[in-house]
Student: 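Before anything else, here's the structure in question.
Proteins get letters first, then strands, A, B, ... in listed order; numbering begins at 1 in each. We use all heavy atoms of the structure for the numbers below, so side chains are in, but hydrogens, waters and symmetry mates are not. Everything numeric here is computed off the predicted structure, so don't read it as measured data.
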Amino acid sequence: MERNTFSYKLKQFMMFAGPASILFFGTVLVPFVYGFYLTFTSWDGISKVKPFVGLENYTAAMQDSAYWAAIGRTAIYSLFAVILVNALAFFLAYFVTSGIKGQNFFRAGFFIPNLIGGIVLGYVWKFVFNRAFVAVAQAITGGTVPSLLSTTGGAMFCLILVSVWQYAGYMMLIYVAGFMAVSNDLKEAALIDGCTPSQAMQNVTIPLMRSSFVQCLFLSITRCFVVYDVNLSLTNGEPFNSSVMAAMHVYNQAFTYKNYGLGQAEAVILFVICAVIGVTQVYIGKKGEVDA
Amino acid sequence: MKKHSRVLAAALALALTAGVLAGCGSSDTPAAGGGSSSGGTAITIFNSKMEIQEQMEAMAEKYSQEKGVDVEVYYSSDTVAAHLATKYASNDPYTISMVDAKDVYSLAAEHALDLSGEDWVKDTTQAISVDGKVYGFPVCIEARGIIYNADAIKNITGKDFDPSTCKTLDGFKALIQELIDGGMEAPTGVMKEDWSLAAHYLAEVYEEQPDVDAFITSLHEGNADLANNDRFNSLMDTFDVLKDNSYSKASAISAEREVTEQKLAEGEIAFMFGGNWDWSVINAYDYSENMGMMPVPQNTDDGMNEKLVGGGSKYFFIDSSDNTSDEQKQAAKDFLNWLVYDEAGQSFIVEDCALVPAYSNITLDVKDPLGASVKKYTDDGALIPNYNYFPDDHYSICGAAFQKYLANQTDRAGFAGEIEAYWKGITPVEH
């Protein structure tokens with residue numbers, strides 16, 4: 001059979017990548033373009049008419065102080081969550097590749113939180129924060145202790161804590177792969193040349209794992225920026241709408257407050273912010289990558 | 001071998017695709033409607049009252065068998081507007097949709113069938129009309145007030161509880177003090193949910209004004225002085241009593257609705273602001289027999305402390321688009337008539353679903369005690385009507401402000417200021 005013809009290549013492509021491409025086109029590209037069009041209308045989400053209003057929604061989004069407060073909150077949340085997730089994941093990966101007893105068991109254990117869906121996880125932790133922690137704290141202090149979730153700072157703290165708990169195991173797997181990819185010869189050579197173990201880690205292992213860092217940072221930043229499920233089930237924006245993240249604000253704006261066009265415009269702005277941060281980070285990260 | 005693995009790969013790819021596709025459609029839970037092969041008309045009903053979903057499904061099955069009309073009932077945990085938006089976007093509307101009053105106003109003109117000619121219109125005072133045409137069929141009546149546990153009160157005072165002694169705030173305070181002295185540490189509970197605080201309690205501040213529309217307009221124009229408004233202060237005085245005697249006083253914002261209602265049901269607390277829909281939560285616990293609802297106590301003599309606030313809640317409308325055939329529209333109308341005039345339909349609303357009927361021709365007794373209270377006030381004409389024209393973000397933004405007040409993070413003047421600021425920035429709902 002001639003393997004160089006267009007039809008052969010097309011057939012091969014359609015066979016392997018066809019289903020995924022069609023799904024990607026239908027569920028991502030088309031809605032994206034159509035959604036972009038909707039940002040220029042004042043559609044309420046259900047009416048038959050979609051009046052064209054030009055850039056009005058973008059001006060309104062710029063003036064929506066609750067939206068920018070939510071973005072700012074999301075940035076703070078992401079900053080803490082990303083740093084903690086990656087620090088913890090790196091440490092865990094080091095721990096489970098150092099050859100301790102039962103390390104496969106630990107790997108599985110740390111990864112499991114990631115297998116629980118965000119909604120379930122949020123409800124489980126809500127119970128822990130509202131009941132278990134409160135009961136323990138009251139037993140210790142003897143007085144009534146308000147739940148962490150009922151204070152503005154506390155709710156943020158809870159969100160960060162739960163996200164770290166959820167994502168650290170997943171990022172750990174990527175770091176584990178990174179550790180395993182660094183050849184032992186190089187580490188040994190460094191040790192023989194007189195490096196202390198921590199110098200070897202800093203000057204040999206970590207630079208060679210740079211691609212793992214780039215990947216983990218990218219994944220954790222983009223995930224944190226569009227966090228919704230944990231936000232919904234753990235705090236639902238409470239107390240006093242002080243834990244409404246960007247994605248939740250967008251959802252409320254579009255569906256609950258029925259300003260679909262405005263909500264969609266805010267979603268597009270969120271997408272642009274996410275994309276700029278993600279691409280910049282990958283660009284900077286990739287630039288300094290080294291090979292052994 | 002090679003051939004096998006190719007087949008296997010194709011099968012896997014197919015399976016994955018199917019999985020993704022199945023995932024797309026799994027947000028609705030189709031109910032067990034009647035056998036869909038009967039060949040007759042088929043109608044779909046969207047139910048937005050989660051607590052009656054099981055009853056709806058059972059009713060649909062029976063109705064399908066008896067009337068030869070296939071009825072399928074769907075439920076979604078999304079907000080009504082969000083869910084219907086997706087259905088309309090995909091040109092696949094329900095024949096009958098159960099929505100909240102405000103949704104009828106926003107949807108009726110474009111999507112609802114004119115029901116002005118139906119028989120039931122004359123038997124209810126709660127139907128919703130827009131521009132002189134009736135669009136909304138009231139499913140039931142719901143009202144708000146203070147829920148009390150009479151058994152818990154009697155256990156301490158030794159006397160049968162008479163709600164009329166608690167009409168005024170002074171009377172209410174005296175009883176609370178008596179309960180505390182008798183050993184009930186915290187006689188009240190407060191729900192911290194924004195819909196309860198803003199859409200239900202704060203709403204009474206507007207609804208009990210002499211002219212609600214004028215008051216809302218003055219708020220919007222910035223002329224209303226909420227902090228010095230008598231009604232606002234009167235209701236907030238009562239709220240302070242509820243708040244200061246609440247079992248969750250120290251952590252009001254993390255109080256869970258279920259816990260509060262369980263305490264009320266079991267008599268650990270005696271009062272809570274709520275509505276007859278709370279029965280669906282209360283009856284999950286070991287509840288006391290003698291419970292009921294009374295108006296929010298206020299030191300006033302204008303009669304507002306003798307009425308519950310409420311009216312029609314949840315409305316059916318029939319889709320008017322070409323996606324619904326004339327046969328389906330007729331079958332939907334028949335179904336609504338069945339609910340009002342057929343004994344089976346009446347008993348479905350009142351007995352199976354434990355709802356308070358919105359139709360004067362239905363005389364069945366309401367079984368649950370809260371519903372019975374509401375029925376009594378309805379029959380006496382003692383209901384202050386709901387105000388149905390709040391902007392969609394009212395409950396959320398004003399609810400957040402109210403939560404701050406509940407958590408003692410702002411005082412009454414600050415709270416009033418936030419409400420005033422909210423109203424100045426809105427687009428009023430036209431009606």
Student: State whether the number of non-hydrogen atoms from other residues, nucleotides or ligands found under 6.0 Å of K249(B) atom NZ is greater than 12.
Tutor: no

Student: Checking H220(B) now: which residues fulfil ring-ring contact (aromatic ring centres under 6.0 Å, His included) with it, not counting sequence neighbours?
Tutor: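 Partners of H220(B) by the ring-ring contact (aromatic ring centres under 6.0 Å, His included) criterion come out as none, since no residue qualifies.
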
Student: If you count heavy-atom pairs under 4.5 Å with chain A, which of A89(B), A407(B), S396(B) comes out on top?
Tutor: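 So the answer, after comparing A89(B), A407(B), S396(B), is S396(B).
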
Student: Quick one: are the ring centres of F390(B) and Y395(B) less than 6.0 Å apart?
Tutor: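 Centroid distance F390(B)-Y395(B): not below 6.0 Å, so no.
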
Student: Spell out the residues in residues 246-263 of chain A that have some non-hydrogen atom less than 4.5 Å away from a non-hydrogen atom of chain B, in order of number; otherwise answer 'none'.
Tutor: Y251(A), F255(A), T256(A), Y257(A), K258(A)

Student: With a cut-off of 3.5 Å and sequence neighbours excluded, list every side-chain donor-acceptor pair involving residues 119-127 of chain A.
Tutor:
none

Student: Quick one: what part of L107(B) sits under 4.5 Å from any heavy atom of chain A, side chain, backbone, both or neither?
Tutor: side chain

Student: What part of H111(B) is in contact with chain A, defined as an atom under 4.5 angstrom from a non-hydrogen atom: side chain, backbone, both or neither?
Tutor: side chain

Student: State, without any angle test, whether S321(B) and D319(B) hold a side-chain donor-acceptor pair at a distance under 3.5 Å.
Tutor: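 Side chains of S321(B) and D319(B): pair found under 3.5 Å.
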
Student: Would you please classify the geometry between the W195(B) ring and the H200(B) ring as parallel, tilted or perpendicular, with 30° and 60° separating the classes?
Tutor: perpendicular

Student: Sequence neighbours excluded, which residues qualify as salt bridge (charged side-chain N to carboxylate O under 4.0 Å, His left out) partners of K102(B)?
Tutor: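 Only D392(B) meet the salt bridge (charged side-chain N to carboxylate O under 4.0 Å, His left out) criterion with K102(B).
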
Student: Tell me, for A81(B) versus chain A, whether the close heavy atoms (under 4.5 Å) come from the side chain, the backbone, both or neither.
Tutor: both

Student: Pick one of side chain, backbone, both or neither for V80(B), based on which atoms fall under 4.5 Å of a heavy atom in chain A.
Tutor: neither

Student: Fit a plane to each ring of Y201(B) and F273(B), take the angle between them on a 0 to 90° scale, and name the class: parallel (under 30°), tilted (30 to 60°) or perpendicular (over 60°).
Tutor: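 Because their plane-to-plane angle is over 60°, the rings of Y201(B) and F273(B) count as perpendicular.
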
